[in-house]
Amino acid sequence: MTTTSLTPTRDWWRIPQRYVPVLATLTLLLVMYAVGVSQYRAFSNVQVIFNVFIDNGFLLVVAVGMTFVILTGGIDLSVGSVVAMTAMMSASLLQGGMDPAAVLVIALLVGPTLGFLMGCVIHFFEIQPFIVTLAGMFFARGMCTFISKSSIPITDPFWTSMAQERIGDPRGNFVSISVLIAFVVVVVGAFVLAYTRLGRNVYALGGNQQSALLMGLPVGQTKIAVYAISGLCSAIGGILLSFYTLSGAPLIAVGMELDVIAAVVIGGTVLTGGSGYVFGTVLGVLVLGVIRTLITFDGSLNSWWTKIVIGGLLFAFILLQRLIGIRKK
Amino acid sequence: GNSDTGETPADDGKLTLGFSQVGAESGWRTANTNSIKESAAAAGIELKFDDAQGKQENQITAIRNYIQQKVDVIAFSPVVESGWDTVLKEAKDAGIPVILTDRAVDSADKSLYKTFIGSDFVKEGKLSGEWLVNETKSATGTVNIVELQGTTGSAPANDRKKGFGEAIAANPNLKIIASQTGEFTRAGGKAVMEQFLKANPKIDVLFAHNDDMGLGALEAITAAGKVPGKDIKIITIDAVKDGMQALADGKFNFIAECSPLLGPQLMDLAKKVKAGETIPQRILTEETTFTPEQAKAALPNRKY
Amino acid sequence: MSTSKVRWAAVTGHSLFWPVVALLALLTANTIYRPGFLSVEMKDGHLYGSLIDILRLAAPLILVGLGMTLVIATGGIDLSVGSMCAISGAIACLHISQQPDQNALGGVLVALALGVGLSLVLGAWNGALVSIIGIQPIIATLILMVAGRGLAQLITEGQIITINSEPYKAVGVGYLLTLPISIFIAVGVALVVAAVTRRTALGMIIESVGGNAEASRLAGIRSARITFLVYVISAVCAGIAGFMVTANVSSADGNAAGLWIELDAILAVVIGGTSLAGGRFSLGGTILGALLIQTLTTTVYAMNISPQTALLFKAVVVIAVCLIQAPAFRAKFARRGPAAPAAPLAADQPKEQVPA
Amino acid sequence: MSGRQPVLTMTAISKSFPGVRALDGVDFRLFPGEVHALMGENGAGKSTLIKVLTGVYGNDAGVISLAGQQVSFSGPMQAAAAGVSTVYQEVNLCANLSVAENIFIGREPRTLGAIRWGEMRRRARDLLARLDLHIDVTQLLGTYSLAVQQMVAIARAIDIQARVLILDEPTSSLDATEVEQLFRIMRHLRDEGIAIIFVTHFLDQVYGIADRITVLRNGRLVGEYPTAELPQLALVEKMIGKELDVLESLDEHAKRDAREIEAGTPFLQAEELGRKGSVTPFSLTIHAGEVVGLAGLLGSGRTEVARLLFGADRADHGKVAVDGKSAPLRNPIAAIGHDIAFCSENRRTEGLVGELSVRENIILAMQAARGWLRPIPRRRQDELVDKYVKALSIRPADPEIPVRNLSGGNQQKVLLARWLITEPRLLILDEPTRGIDVGAKAEIQKLVVQLSDGGMAVLFISAELEEVLRLSHKIAVMRDRQLVTELVNDHTVDADRVMQTIASGTHHEGPEVA
Ligand SMILES: Nc1ncnc2c1ncn2[C@@H]1O[C@H](COP(=O)(O)OP(=O)(O)OP(=O)(O)O)[C@@H](O)[C@H]1O
Ligand SMILES: Nc1ncnc2c1ncn2[C@@H]1O[C@H](COP(=O)(O)OP(=O)(O)OP(=O)(O)O)[C@@H](O)[C@H]1O
Ligand SMILES: [Mg+2]
Ligand SMILES: [Mg+2]
């Protein structure tokens, strides 16, 4: 019977095509780390790696949310502003003497609510996500300056302890609590995408919205859900940022959305949707973190050369990733 | 980079300074960076310089990396005032002294840094206001002021506005009739001023939070057929070269200086801190104010 | 059925009807706030007034938006236009500042040529990344968005280059036949782009590539070339916008010139009815979108809305314009309204595009 | 039948699209345990009726009731929940998900909310085995051929516990064996009491399986008939609305004379042309005025051969000569430069640009060949488009509407028109008659004959062997991505013989071309 010949001839050792981008990123990340270690002795300290996580914990959380959105083929430009708004709001509420637990609850509600509303507008009124979330970005940033035009310090003991608690080994290497929270978010995000209906609907939606609709999937709910999830992740990211800086500042996290999108895409997620993994996003965030670390370790770059070098590294990275991807095809 | 840039040669006696700059967002900032680089070289200090591209996260990253690299002294110009306690504690625990430049932090625990060297933005605003109060003390009617603010939410914008407001409260005739952000840029200053001019038939004074916005506004005023410096008096802050030139030409009326040349003082302090000398918690940069005549005199030998 | 009703339905159904309404609403609000807003007077042979300001200040955004429209029509996006503005402005000002006589027309022309030339190179770089190497446009242009600012500052050495050149200044604030020259430039470029896309087959081919790249390839279209071309066009438009931005203030600020203009340009394109997914594009819509955005900004200044709430105001207007423009929103709204049977056309649109 | 209650009734359904009245007061009844064929020409409104039923479109007027209850579904999700399971025309699945997921998404087996992947794969394998399809269900769907995808879509639909199963042209890309497989399952489901709506343009299939037939024409109901009482010719006349001479040509099995063509110079010669992982190197010669048919089962590599000859994929082996001169067909542009044209079997993803108008789609290839700097004058465009809209009777005849609003069959005609106006010397047609109604099909067949008589070479790929036999001078038989043999289409060749060749893959006695 000829139908048997339809079984793809696949060598068992061949990596499935869909994992290639992520693996390419991983390989390049390791190469970059090796370069750092060979150039700068202090680079090999374990704490350097931990610092990358400490300094990018909130970015990681936000990027997980963005992964959901991009997988559906959408985009969320509001994340940076929502992060800032959450931090700003927490700081302002704490300053007003509110109970930290209540502040946490409120802060964690506002982001997803905004996300939910944006999702509804995108779905029901069929307006392009880029525009809706751009308006969301203006709105959230406007809220920041509306709350206060100068930064508000946080002195709350709970916040302070969350910020300064060090979880580490006897040799003095440590991570912050934020890193653990970020890890939990990553694991939950990965699980939801791989093992729940919602997660699979996200992929289906990104693959072909029309088909998803005709297959009877809850397209609307899924779409709204991803923006709410992204809002939630931004809110968590905002809280982590307020732990990280112990303050809320109106101008913080400006332009963060581009970093987040870059991280997600470098991690192998396709902007048109339907293909990508949370693990890739983790790698993408690490790539950005390691590039930054390399530049500070060098410490001899001019301000403008810093930008050019970041652009150059980004280019080299994407080019290599692309070449590896092509070869494996 | 060459293979030893990442480590501190702990024993060759050469002092290593890690400096994290805000960014390169203005000519002022560039002059500041250059001053630091030049004076480090002159003082024989090894400088590890990092540009944070205007992001606090990046500055914190940089400071953490300086701690890993075990530099002798860390200095930085904070992007924002708040949010430094955690990383400063880490520096303190690692035994590395920290010097703040240009902008302050709002930490309650003053032991987290050795000193803060920089201008006083409130004072700059105040000096501008006081000059105006003095200028207009004979005025009988109301004096209409328009204000070009810096980037909304930034420390210099907040403080200069505050200082200026406090000073002009002394004269009830002085009234701010419009206040908008010009984002610290010439284009912003010009666009906002154009609308101010159309909306308000009588503007007597312009207060701009920096020279660049003032220079932009200058063009708008000229285009509207008014004479800057006469029909509308212009007060700005910074005293960069173009601003000083305008002042000398009589187009501006007053500039409160905000000097970017912190380098020599910073290197001096770094050495003292390293040697364990006690130094004051707050050091003001040597700054002054300029009137057109003073500007004419000072212009030939200004460095930036 | 009266023909006037049909005609009315055709007008309201037009994709640019609501942006026009929004623009008029903003202008009206301004006029109510300050009756003199719309007045235009003659001053030393120049027309002078807020409306003229809006046109003049919108000119760079229109230019960038035109290029962006073509890029978006192919299904791409160009984030690097802001940096391009800064670079072309910087190189032009640098060249002029080095001339012994800054007012010499020759020097200025060379400076403009340098700026356009550099834009061509950078546009080719973007185009090559997207069309030859196949990098996703948003990332490919992100590279130059980041590195381009560095390049601009490298050119200016981080300083603001101030020039004093009348011919160059004319690009930004000069007048011709009572109107600002920048308006003529914007209109001129718009006409050229319109002619190049609509008088030749380029427009249709761009739409075809954006609508279905694989089908276009199989129909014998050199998709890669077209993609390459639109990034170059976009870069040149941004480069010319860079001249205007810098000439406006007679100085090149590598950091601030063209900052965030990419977002405004994309917004203008979308308000103008071009889908970010690519395909059909409307140059007129983009121009209208740019005017709307500039009017919004001017409104904030003119009405003296406090900077602290200005962004909220902008957010509200943007979302309102986009909502009211969305057929789905109007359909839902019309159904609820008491007597509004005028929009069966829109209401009938299938929820999604369902190929048979 | 009158004693039973219909499971589904649709009464006076109307639906308009801008400028088109797709359905106009259509009634439809469906009884449990029957296969009901929905027939009509391209654009008659079949797919629209189905989409109105499942809530993809809202209806302007009319009532739908399911099992006696009035319903109005908000979308396929609700319809499926109420027991209406649908395979839409054109495969509507997600190419980026695995085969198993495409079957089960939305209904995955779960414990505590977590998907049980292992079980899902096992069940997917079992289900596909019922359709005699043995493939790796963990692979992405997009890596499989259209035919496989169609089978997967069917598998998805029959796994749902449905009362009503709707199949909109499910067989258009299946070969005979698979169609038989599908019919077996349909009969089985029918016997279980499930009501099945079946849309197809293959009349034989209708008479092979349907119990009753509803005919639509131009959005109106023509009538409902028991299959046994409606002879084939009468059905066609009802669909078309007039008696057609064209139909006679359907039965004309005149073999075509190949000898004089062979004598001429070959237009294209492929020598050991091949591509790793796609087609084993093959040699093929096509003469001017010759129709070469490609026969083979699905996945046998016919499309690949066509793509290599058009340069859509790049060959990594062998060479091609056009007019005796070496012509490396590296890309479509090179092929078009040698006057080769290619109508892809996948009109939606590889053929048309949905947003562009019918006119723009038709002139696209010609314009591309001229380059963008030399636009075709509008007058000339309108002339050309008008001519072909008439010649191929594309409906609606308004060339300015977006092509995505056309029905499936009319879209196919637009694609054909695009290439015909370029006046190619070799026309490659990959499944040009798929999803096309009988009238149009006959017209396309006539067109192929006409074109080849006029000196055009045609490479004709079709799942319908009859069609290939009727039109071809020469038949190349493919099997397992290999061109196994070429048969001169003379009196000794018939469907059985070709089937045997496909099945055995060996040479048979009789004249052959090496
Ligand atoms: N989304 C749409 N927008 C506008 N018109 C449409 C749309 N879908 C279908 N039509 C029109 O409705 C009519 C009926 O189309 P439908 O798809 O139901 O035909 P069909 O009978 O399924 O034909 P085929 O056999 O070719 O698939 C056609 O004239 C078509 O052009
Ligand atoms: N066993 C297989 N494994 C993976 N992909 C396959 C397999 N068989 C076919 N395909 C893919 O399906 C597509 C179509 O297959 P092919 O061109 O061989 O079919 P065909 O002979 O043209 O039949 P039909 O036109 O009826 O689908 C090709 O792109 C091929 O990559
Ligand atoms: Mg159909
Ligand atoms: Mg095929």
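All chains are named by letter (A, B, ...) in the order of the sequence lines, taking the proteins before the strands, and each is independently numbered beginning at 1. Excluded from the calculations below are hydrogen atoms, water molecules and symmetry mates; all remaining heavy atoms, backbone and side chain alike, are included.
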Practice problem: Test side chain to side chain contact (heavy atoms under 4.5 Å, CB included) on B/K190 and C/L57 and set out the steps. | Solution: CA-CA 11 Å; B/K190 184 176 179 190; C/L57 291 173; over 6 Å; no
Practice problem: Evaluate the criterion side chain to side chain contact (heavy atoms under 4.5 Å, CB included) for residue pair C/E157 and B/T30; output intermediate values, then yes/no. | Solution: CA-CA 8 Å; C/E157 292 182 321; B/T30 308; over 6 Å; no
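Contact annotation: the side chain of C/R149 never approaches that of B/Q53 to less than 4.5 Å [non-hydrogen atoms, C-beta and beyond]. Residues B/W28 and C/Q159 are not in side-chain contact: their nearest non-hydrogen atoms beyond the backbone lie 4.5 Å or more apart.
When every heavy atom of C/S250 is checked against every heavy atom of B/E219, the shortest pair comes out as CB-OE2, 3.8 Å. Of all the heavy atoms in B/A199 and C/A302, the pair that sits closest is CB-O, 4.3 Å.
Distance check: B/N200 CG to C/R34 CZ gives 8.0 Å after rounding to the nearest 0.5 Å. Rounding to the nearest 0.5 Å places OG1 of B/T152 at 7.5 Å from CG of C/L311.
Few gaps surround CG on B/N173; more than 12 heavy atoms of other groups in view lie less than 6.0 Å from it. More than 12 non-hydrogen atoms from other residues, nucleotides or ligands lie less than 6.0 angstrom from NZ of B/K37. At most 12 heavy atoms of other shown residues, nucleotides or ligands fall within 6.0 angstrom of atom NZ in B/K175.
When the candidates B/A191, B/A220, B/G225, B/G216 are compared by the number of heavy-atom contacts under 4.5 Å with chain C, B/A191 comes out ahead. Chain B forms the most heavy-atom pairs under 4.5 Å with one residue out of C/D253, C/I160, C/L259, C/T298, and that residue is C/I160. Annotation: maximal heavy-atom pairing with chain C below 4.5 Å, among B/K241, B/R29, B/E194, occurs at B/E194. Chain C forms more heavy-atom pairs under 4.5 Å with one residue of B/N34, B/V192, B/L215 than with any other, namely B/V192. Between chain B and the options C/G49, C/A310, C/A256, heavy-atom pairs under 4.5 Å are most frequent for C/G49.
Neither the backbone nor the side chain of C/V245 comes within less than 4.5 Å of any heavy atom in chain B. Heavy atoms closer than 4.5 Å to chain C are found in the backbone of B/S179, but not in its side chain. Contact of B/D212 with chain C is made through the side chain alone, with heavy-atom distances under 4.5 Å. Contact annotation for B/Q149: only side-chain heavy atoms (C-beta onward) come within less than 4.5 Å of a heavy atom of chain C. The parts of B/T181 that come within reach of chain C are both its backbone and its side chain, each placing non-hydrogen atoms under 4.5 angstrom from that chain. Proximity to chain C involves both the backbone and the side chain of B/Q180, based on heavy atoms less than 4.5 angstrom apart. With a threshold of 4.5 angstrom between heavy atoms, C/F37 approaches chain B through side-chain atoms but not through N, CA, C or O.
A donor and an acceptor atom, one from each side chain of C/T246 and B/R186, are nowhere located under 3.5 Å apart.
The backbone N or O of B/A24 sits less than 3.5 Å from a side-chain atom of C/Q153, completing a donor-acceptor pair.
For the pair B/K198 and C/Y301, the NZ or CZ position fails the cation-pi test of under 6.0 Å to the six-membered ring centre and within 45 degrees of the ring normal.
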